[in-house]
Every structure is written in structure tokens, then in C-alpha cells.
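See below for the structure under consideration.
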Amino acid sequence: MADQPRYYITTPIYYVNDDPHIGHAYTTLACDALARFKRLDGFDVHFLTGTDEHGQKVEKAAADAGVDPQSFTDQVSQRFRDLAERMKFSNDDFIRTTEPRHIEAAQAIWRRLIEREEIYLGAYAGWYAIRDEAFYGESELIKGPKGEKLAPSGAPVEWVEEPSYFFRLSAWQDKLLAFYESNPDFIAPQSRRNEVVSFVKGGLQDLSVSRVSFTWGVPAPGDAGHVLYVWLDALTNYITAVGFPDTDSASYRKFWPADLHMVGKDILRFHAVYWPAFLMAADLEPPKRVFAHGWWTNEGQKISKSLGNVIKPGDLIDTYGLDQTRYFLLREVPFGNDGDFSRRSMITRMDSELANDYGNLAQRVLSMIAKNLGGVTPTPGAFTAEDEALLGAAAALPAKLRPLMDAQTFHEALEQIWVVIRASNGYVDRQAPWALRKTDPDRMATVLYVLAETIRRLAIMTTPFMPDASGAILDLVAAPADARNFAAIADAPLAAGAALPAPKGVFPRYQGPDPEDDA
RNA sequence: GGCGGGGUAGCUCAGUGGUAGAGCAGGGGAAUCAUAAUCCCUUGGUCGGGGGUUCAAAUCCCUCCCCCGCUACCA
């Protein structure tokens, strides 16, 4: 097993100033499905998520709440852990930027950049709005009634200069472009890659990477007045978690560079431009790929706190079920695109695809086995061409899904599984085992075996997306606990004669109120 | 403005030179093992408009119209 392939996948670290919402759940869910898929496919996976806990906003929110920043972040960070638990996320680690291991790593990358003269001391100047506690670019300003400059929020601005360290981003433009050129899959989807390349081609300015205006951050080594600013601190978490600054450690050598940073489209630039530049400047390897996914709308409407239409993952789980929610989010939208959450669509997929197509397939087959074959895995006779075709279609799924998962086309991966589910229902109808019961019981046993075996294979394939329900189906066909991975699809067919538990539905139909009734 | 993505059946989308596809929705039929679930057949498109290249274009070229994204230091 020395050559076991490895896979390192990360979510962004979430800013603790926010309550967990569907966007957080979506990003981590995509990573979870991919991480689980890779584990079932024999990879040694490291799946990282966590929270970003520094910055002026956190400092202020803590002050407003009357607690120290550390206690504040302890509380809020916990909400993200709770979300991960409710969503059954399988992350191997949960990193917090306030942990000593991270502060050490962030300071180490800072030192490397200073040593290589990639960071220098200068002054940050700009239009600052005290009320907003934010700097604005010249182009963002609006004109007040007297022609004075105002922030977009209407707050007065003043020209402020403060000392700041800068990263020589401008020096990395050509190297970044060369990197994109030689790594065409580094940024996905393709349209996002175009945007990034276009942005970099437009010219890069040096980047302010320290602040003196607040203290809740990682202290800059060698200059106590400065804390590391924003992204240099946050992005470094990805190497902290695999052992940086010890680049000789087993975990760093094993897992870095990361295979995939999953991000929302709003933070692509930081991951696709700044991060590889920081790393190359520090003489470290850049990650292999960054995927920027889209946003959800709610019943066609943009989601915002002011509209009050924020979608809470917990509400979806309560209303539709965990696996149903996981399935919908990954099936409804071509991954990478924006998508719309509508109750109508959620219920349609939950009922017709999960309950009717998949759940009922298992139920109808297992019921026949229970009633006609004593609840024991049937003993098959010789397989017909049609038997082989169905079994073969299910056996081919791992190979079919690998490239789709590597391209993060989760919706298409699920569609390919459903092609086999629909084929299975067609097979049931054509073989009509209920008729064979009287005319050819041996053939009926063979048909039901083929179906049970196909269901076993399907349930292994759906495990990354719907771990609970898939596990329940595998229980129903008595698949051994140690034979629930992709290798077992070919290697561990159902053993004839095994006693099966009583069939039980795993995907209930939607029982709640009709969404057309209110709203 | 510049750069980029997109405009294909009622809906969501696949399809990059060779007789228009899938799922859902609609219509008809079959079956009755099953969570009244399933299966089969079927209606439906001038592939945004116009022009061009080609034996042949949704697919290549030109042009026009419409939608969306990016155009930096809030995370």
C-alpha cells in the first residue's frame, strides 16, 4: 500500500462573522461527496475545512458582544462544526486560524517572504470611511450634494495613509500567466479561468499584506505594530493543516500540493492569483486546482439578509431530510453554475427520483425476495445476455464516474447512476418476476439475484452523495461492512443464502404541506 | 467601454460539420412485484435574427439583438 494514491481537498475557511447558510453547506457538501468518492476509490484522503477568525470585523463584533475575541470566535466557530456534523461531512480536520499551529505557519510564510524580499515596508493610502471602517477605491466613490467625495454607503471619507507591508505581486504577473498556461486545468470552470487570466493580463499592483489599525490577527514577526492582513493569514491555513512550516514532515510531503481548493466564485481571485503567487514567492508549490462554484437563489430571488430569505441548511434537513437535501443540491444544478432552490423542484426530485426511481426499486425487489424466497439472498442460475448487460452497466459506474468527479461535474455523475437505476426498473418490468413465480421459480430467483446485486452496486455508488440512505440499502442487501467500496463492486458479489433484514423504505415521499398552498 | 460566457422542445439542460437529444411537464397504452410507485409509446423545436463558407452547419466565418460574469486589495 506504499503507493496508495493520495488526495487533498479543502473548503475555504469560513469567516466567523457569518451564520452558516446554504452557501457554506453547499461548498463543503461538494467537497464531502468528492472526498467520500475518493476514499471509496482507494485514495488516502485528507479533507480540510475550518474557520477564519481574525480581522477587524471579528474584533468589533466581539467588542459589541462584550466578550474577548477568542471567546467570541470559540462560540461562533462551533456553529460551523455543528453544521458539519448535521450534514454528515467527513472532514478529517477542522482548522481555526487562531490555533497556535496556524499562527506559527502564518508567521513562517511571512518570514520566508521577507527573507526573499518579496515583502517590503511601504505605506497604504486610500480613501477611508471611518463609519464603514473600510477603504474605498477612487472609482467606488460617489459625489455628495456639495460635490464632496463619499463612500458608496454615503459615509464621509478622508485620505488616510498608514504604514503597511506590501507583497510584490506586480513581479509575479508573467510567472502567473506562464503557470496558467502550463496548467490549463488549474482554474475551473473554464469561463472563470478566462476571467482570471484576463484580470492578471490587465496588470497587477503590489498587495497590502499587513495592518496597523487593529490587533486581532497574527502579529507580523519583527514588527510588533503590524498584524498579517486578511488573505495571507487565511490562505496559509491550507498548508498549516498539512504540517507547514515543517516541509519535511510526512504529512506535508504526502499531501502538498493540494489536489483541489473548492471555493465560491466570489473568492476565486484570492485563490487563483494571490495564493499561487504567495506560494511561488515563498518557494513552495502552488495547488493543483481551484474550482469556483456558483450561488443559490431562493425561489428565483437573490438571497439576502435584508430580504429575509436566507436558507438555513438545518431547515432543509428538517423539512426534506438530510440525504434528500444533499442529493438535490448536487443534482439540481450543473456544478459551477448558479442555481435556484425551489420547494417545487426539491419535492419533485425527492419524490420521483429518490422515492419512486431509487427507493421503490429497492423496495419492490426486496419485497419479492422477502415474500417468495424466504428473505434470503437468492441463488442464481446462468445469466442471460440481459442479466449481464444490467450487471455490467452497474459494474462500469466507477470507471464512468471517475472523470466526472475529477471534473467536479457532480450532476452528471448522479445522472449516470440514474441511467442504471432506470434501466433496473425497466429490467424488472420486462422480466416480470411476479409472473415467473408460477412459471419458472428458478429463473425468478436469478432475476431477483441480478437485481439485488445491481442494487448493491448502485448503493455503493450513491454512498458519497447520500451516505445514510446508501448505508441503509447496503444493510438491506446484507453487504458486509468491509465490502462497501468500489473494489468490492467487482470483488464481493452478494453471497447466496444470506439472511436479509425485513425490507424497509429508505426514501420516503414528501409528506409536508403543498408548497403551492402558501407563499 | 474592454475582455469573457451564454441565447437548442413548456421548464432545466446535453450536443463543436453529416438525417435535432435527455430528464421533467403534456397525451395514449401496458402491467400490478412495489413507497398508487413502474414500464412502453407519443405530442412538441424555422437550434436568438440576418448573411456567408461547404456536397453538408446548432456545430466554422461575418454582422446585429438580448441575458449574464469579470474589470483588484469588505471578508
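Any value given below was found using the heavy atoms of this structure, including those in side chains, with hydrogens, waters and symmetry copies removed.
- Within residues 500-508 of chain A, the residues having any heavy atom under 4.0 Å from RNA chain B are, by residue number, A:G505, A:V506, A:F507.
- With a cut-off of 3.5 Å on both pairing distances, the Watson-Crick or G-U wobble partner of B:A30 is B:U38.
- In summary, the aromatic rings of A:Y358 and A:W418 are positioned with their centroids under 6.0 Å apart.
- Note on A:N194: every side-chain N or O is 4.0 Å or more away from OP1 and OP2 of B:C3.
- Taking the six-membered ring where the residue is Trp, the centroids of A:F335 and A:Y26 are separated by under 6.0 Å.
- Side chain of A:Y229, nearest nucleotide from B:A37, B:G5, B:C73: B:C73.
- Checking B:C13, B:A75, B:G69 against the side-chain heavy atoms of A:E195 singles out B:G69 as nearest.
- OP1 or OP2 of B:U71 lies within a sub-4.0 Å distance of a side-chain N or O belonging to A:R269.
- Taking for each of A:L207 and A:P334 the nucleotide of RNA chain B with the nearest heavy atom, the 5'-most of the two is the partner of A:P334.
- Checking the phosphate oxygens (OP1, OP2) of B:G2, no side-chain nitrogen or oxygen of A:K201 falls inside 4.0 Å.
- Residue A:R192 places no side-chain N or O under 4.0 Å from the OP1 or OP2 atom of B:G5.
- Between A:W159 and A:Y128, the ring centre distance reaches or exceeds 6.0 Å.
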